[in-house]
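Each chain gets a letter, A, B and so on, in the order its sequence line appears, and its residues count up from 1.
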Amino acid sequence: MQELERLLGRERCLSGPGQLVAYECDALTHFKSVPVAVALPQTTEEVQEVVRACVRLGVPFTPRGAGTGLSGGAIPAPGGIVIELSLMKSILVVDVENRLAVVQPGVVNAHLSTEVGEHGLAYAPDPSSQIVCTLGGNVAENSGGPHCLKHGATTNHILAMRCVMPDGEIMDLGSPVAGGSAGLDLRGVMLGSEGTLGIVTEITCRLVPMPERVETLLATFDTMAAACSSVSKIIAAGIIPSALEALDDRTIAAVEASVFRAGYPADATAVILVELDGHPAQVAAERRRIEAIFQDVGAIGIEAAKDADHAQALWKGRKGAFGAMGRLAPDLYVQDAVVPRSKLPEVLPRIGEICDELGLQLANVFHAGEGNLHPNISYDGRNAQEVERVVEAGRRIIDLCLSVGGALSGEHGIGLEKQGFMHLVFSADDLETMSRVRAAFNPGELLNPGKVLPTPGACAEVKPLHQLPGAPS
Amino acid sequence: MSSETAAYLASLDCVHCGLCIEHCPTYRHLGRESANPRGRIYLMRAVMEERVDASPDLVEDLDLCLVCRACESACPSGVRFGEVMAETRHKLRQRGWWRRHLMGKLSNREKLHRLAGLLRLWQRSGLRFVMRIAPKRLRRLESYLPEIPPASERRPLPRHLAAQGSPRGTVAVLEGCVMSVLFQDVNRDTMRLLSAAGYDVVVPENQTCCGALHEHDGDLDTTRTLLARNRDAFGGPEISAIVMNSSGCAAGMQGATHLLEEGGAVLADRVVDISRFLVDHGDALRFAPFAGRVTYDAPCHLHHAQREATAPLELLRRVEDLDLVPMDLADHCCGAAGIYNLDHPDLSAQILDEKLDALERTGASTLLTGNPGCIMQWRTGVRERGLAVEVLHPATFLAAQLAPLD
């Protein structure tokens, strides 16, 4: 503690008991662990000094961005400190000609697009929390977002990064020359490692030109099954919209009651929000084909955004949906699992059944185009028995998604939340390989310990995937 | 502490999504979770649940909140942050002598104007140089204090101003505490605009300070007393609206609904900002053209607390030739926040600094903002930075552009 104060000064080193409690969890409030201190460095060198001090003293350390993570990745280890990167928010370079920007990790995702907007450029990945979440956090989680369907997730947009490694050394990974590649892709290893391999302190981001034409459509359905089947048909037709999202009636009601009211139809059982971008002729042709598909599967309404403001309102509603669920109950658990798109019509009702059986309130809002589900379960964390049922629902939903050939996580990461499920998709050998990779970067495991990979002995009761009913043999 | 108060229940609406945090001026400058709305709600809830103690560091980070309520505009879950904070401050706050002293004066017109007289004497005494060796807070307080107008300008408002043309109704105005000392001219301009719009304007007797600063400070008992007095003073059946030119006071009086047990809504529902009132009922007004660049800064208690984002701009657009340019961060707090600039001069100055940069980028020579605290804060900043920008209340600006009736 004194060591940190000496390095950063009192203002940027927190040790008050109240201040520390605020860091006991991120946007997943289910797990809690109070840090012993919080450091707020402003430069790569300061991060390096803090890390070295931790290594010297044997204190675990966990980096944190905006704390919007949904898998508990920024929750400190017992006896550990948090390295809060929110003050590292400078955009260091904007290189318009080469379409790249170099930023510090605390730069807010949406701020980068705002900053480069005057040059007709944007940073493409757009997590729903983009108005607050940081690029450092996006790199750690390999964040997705509605528009990643066409443009790719964070990993497709990060060229290079500078990291402070767990031993305090500085390492540059990747190549700032777009298209440059040599040796092992360590940048790819670091990206999405959930803050367990290194702390990213400078990020070189690819910028993309803004599309010539953007069209946003909203289709209304009286059954979720019809909405989902339109999704598979659009993709099967060879169209890749820039975004393809679904919201159910409970989500619509919560959003429409909020400041993000978007004018979604109140009588809809489900809506599909689709965006097309590109050359005007191509967009117009795709729009005609998509409208035909919507009609085909029985949409009860199809509406196009009147202008950019209207389109923005429709998106704000979608992106504010998670927070709007606070209107339903004090706590919220967002599951993040992926299923093959063709299985959506079959899986969604079964998730509904799981929650009904357990007496839980479910709302669905998800990245339909990628089959990335986000069942939102509202509950009251003060009721221990209800919490147990939520955990049980999460487990059953995962079992269900895996049984139809899905994946554990789309974009929220494993963190603390899903370690116990890793055995379901990875063999002991796979996990051993991953832990060797981690040990190569993070040998003492002082950096963000206890995340992603299961801790030995913790998951003895979890059945491997091949023992689940309906699993592919 | 009871765990089922309205404030506690309101705190449960937060699901910790964090969409508010970038809207928080103190978080933007301090970067710590305990100084952003999500963290503060989390801590207030933890204190109310008696899960954590109200440690000094926790209380300090709660005190650092401006209560600008920008987080409420950003919150998808509709958390009533201002209410939770007022209630928590009410329960935790220890008030120093000078705060009690200052707050006590606000609700007593006689004492307040006596104090104003003394301050004016001081300002004209030629002794101000001694402030150079005064403690920082006192120095800041002194520099923040605008020139006190002479007694002739501080005289009470007329009780009544008749409508021009045939009357369309009767409206009331609040004379206010700080407004009546420092901005009586704005009050007069407000009355002129309303009269020109065709309304009889009354200034009810027995009215008092709105109580907003007391609420901001967590003194809910005094707030309730003052609100009740105003509820009775403004209760006349002929009054169709209480037209406000201080957005902090307006937001404070709107709080009567949840703070007063009886008849709070009668007061709260009649409160309307002058910009909204004139957009809706001011079609008779004619303004002379103004050739100049003007920008607008939204007072938090208008923009976030009253959710009135468009009326001031709509009204200003009725002035021909006006070059109205938007300012970055116009919906962010200027750092005035009641008497925040006296309590936390350093952070308040940092917040203002960022806003002054934004003002300079507009190139405007006039800045309009509809709240006395904001006007004083901006004037201090503009003076200290040596900018040639006039800071005015929109009512002052518009009253000066009033064209004579045909």
Side-chain angles (χ1 to χ4, degrees), chain A residues 11-12 14-29 34 38 40 42 64 66-70 82 84-89 106 108 110-111 128-129 131-133 254-255 257-260 316-317 319-332 334 378 380 382, chain B residues 3 8-24 27-47 49 51-62 64 70-79 92 304 307 309 328 346-347:
Chain A
E11 270 286 290
R12 293 194 285 121
L14 313 180
S15 60
Q19 294 175 327
L20 297 180
V21 168
Y23 284 92
E24 71 180 1
C25 63
D26 52 18
L28 175 71
T29 51
V34 182
V38 176
L40 292 95
Q42 283 176 322
R64 173 176 165 125
T68 51
L70 289 162
V82 166
E84 158 79 86
L85 298 162
S86 60
L87 292 178
M88 295 183 69
K89 55 179 179 184
V108 169
H111 291 184
S128 292
S129 56
I131 57 169
V132 292
C133 69
V255 170
S258 81
V259 289
F260 294 117
K316 277 192 173 169
K319 291 182 175 182
F322 166 45
M325 303 287 175
R327 293 167 182 276
L328 304 178
D331 294 280
L332 180 66
V334 189
S378 299
D380 187 339
R382 297 171 298 171
Chain B
S3 62
Y8 178 68
L9 294 174
S11 79
L12 299 182
D13 289 339
C14 174
V15 286
H16 226 239
C17 73
L19 292 190
C20 54
I21 65 178
E22 277 296 312
H23 294 263
C24 176
Y27 176 70
R28 285 163 58 90
H29 288 272
L30 300 169
R32 59 177 182 259
E33 181 70 15
S34 49
N36 78 34
R38 175 182 59 181
R40 287 181 176 127
I41 293 168
Y42 193 77
L43 293 176
M44 290 190 283
R45 176 176 166 181
V47 169
E49 287 175 341
R51 192 163 73 78
V52 305
D53 290 329
S55 56
D57 59 299
L58 185 154
V59 174
E60 189 190 326
D61 277 352
L62 295 184
L64 281 177
C71 49
E72 289 188 25
S73 292
C75 179
S77 196
V79 176
L92 297 181
H304 301 299
R307 300 281 161 91
D328 291 340
D346 293 337
L347 190 54

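- Taking CD of Q19(A) as the reference point, atom CG of L30(B) lies at 10.0 Å (rounded to 0.5 Å).
- Between the side chain of K89(A) and the main chain of G31(B), no donor-acceptor pair closer than 3.5 Å is present.
- Annotation: maximal heavy-atom pairing with chain A below 4.5 Å, among H23(B), R40(B), R28(B), occurs at R28(B).
- With a threshold of 4.5 angstrom between heavy atoms, A74(B) approaches chain A through N, CA, C or O but not through any side-chain atom.
- In D380(A), the CG atom is crowded: over 12 heavy atoms of neighbouring residues, nucleotides or ligands sit closer than 6.0 Å.
- At a 4.5 Å heavy-atom cutoff, the contact between L43(B) and chain A is made by side-chain atoms alone.
- Closest non-hydrogen pair, G323(A) versus C17(B), comes out as CA-SG, 3.7 Å.
- Heavy atoms of L40(A) lying under 4.5 Å from chain B belong exclusively to its side chain.
- Of the listed residues (S55(B), P56(B), S34(B), S77(B)), the greatest number of heavy-atom pairs within a distance under 4.5 Å of chain A belongs to S77(B).
- With a threshold of 4.5 angstrom between heavy atoms, F260(A) approaches chain B through side-chain atoms but not through N, CA, C or O.
- When each of L20(A), L14(A), V259(A), L28(A) is scored by its heavy-atom pairs under 4.5 Å with chain B, the top score falls to V259(A).
- T29(A) touches chain B through its side chain: at least one heavy atom from C-beta onward sits under 4.5 Å away, while N, CA, C and O do not.
- Neither the backbone nor the side chain of S11(B) comes within less than 4.5 Å of any heavy atom of chain A.
- Between the side chain of H16(B) and the backbone N or O of D26(A) there is at least one donor-acceptor pair closer than 3.5 Å.
- Put simply, CD1 on I21(B) and OG on S86(A) are 8.0 Å apart, with the number rounded to the nearest 0.5 Å.
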side-chain contact (heavy atoms from CB on, under 4.5 Å) evaluation trace for L19(B) with S129(A): CA-CA 7 Å; L19(B) 292 190; S129(A) 56; 4.2 Å; yes
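- R327(A) contributes atom CZ, which lies 7.0 Å from atom SG of C75(B) (distance to the nearest 0.5 angstrom).
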side-chain contact (heavy atoms from CB on, under 4.5 Å) assessment of R38(B) paired with V132(A): CA-CA 12 Å; R38(B) 175 182 59 181; V132(A) 292; over 6 Å; no
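- No part of E60(B) comes within reach of chain A, as not one of its non-hydrogen atoms sits under 4.5 angstrom from that chain.
- The contact between R45(B) and chain A is made entirely by side chain atoms (from C-beta outward), counting heavy-atom distances below 4.5 Å.
- No other option in G106(A), A66(A), S15(A) has as many heavy-atom pairs under 4.5 Å with chain B as A66(A).
- Minimum interatomic distance between E33(B) and Y23(A) (heavy atoms only, all atoms of both residues): N-OH, 2.9 Å.
- When heavy atoms are compared at a cutoff of 4.5 Å, D13(B) approaches chain A by way of both its backbone and its side chain.
- No donor-acceptor pair closer than 3.5 Å links the side chain of R32(B) to the backbone N or O of R12(A).
- Contact of I131(A) with chain B is made through backbone and side chain together, with heavy-atom distances under 4.5 Å.
- Proximity to chain B (any heavy atom under 4.5 Å) is shown, for C133(A), by neither the backbone nor the side chain.
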Verdict with reasoning, V21(A) to Y42(B), per side-chain contact (heavy atoms from CB on, under 4.5 Å): CA-CA 9 Å; V21(A) 168; Y42(B) 193 77; 4.2 Å; yes
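- Proximity to chain B (any heavy atom under 4.5 Å) is shown, for E11(A), by both the backbone and the side chain.
- Contact count against chain B (heavy-atom pairs under 4.5 Å) is highest for P330(A) among G16(A), P330(A), A110(A), S378(A).
- Paired with P17(A) under the rule side chain to side chain contact (heavy atoms under 4.5 Å, CB included), one option of V52(B), D53(B), D57(B) passes, and it is D57(B).
- Contacts between V108(A) and chain B at a heavy-atom distance below 4.5 Å involve the side chain alone, from C-beta outward.
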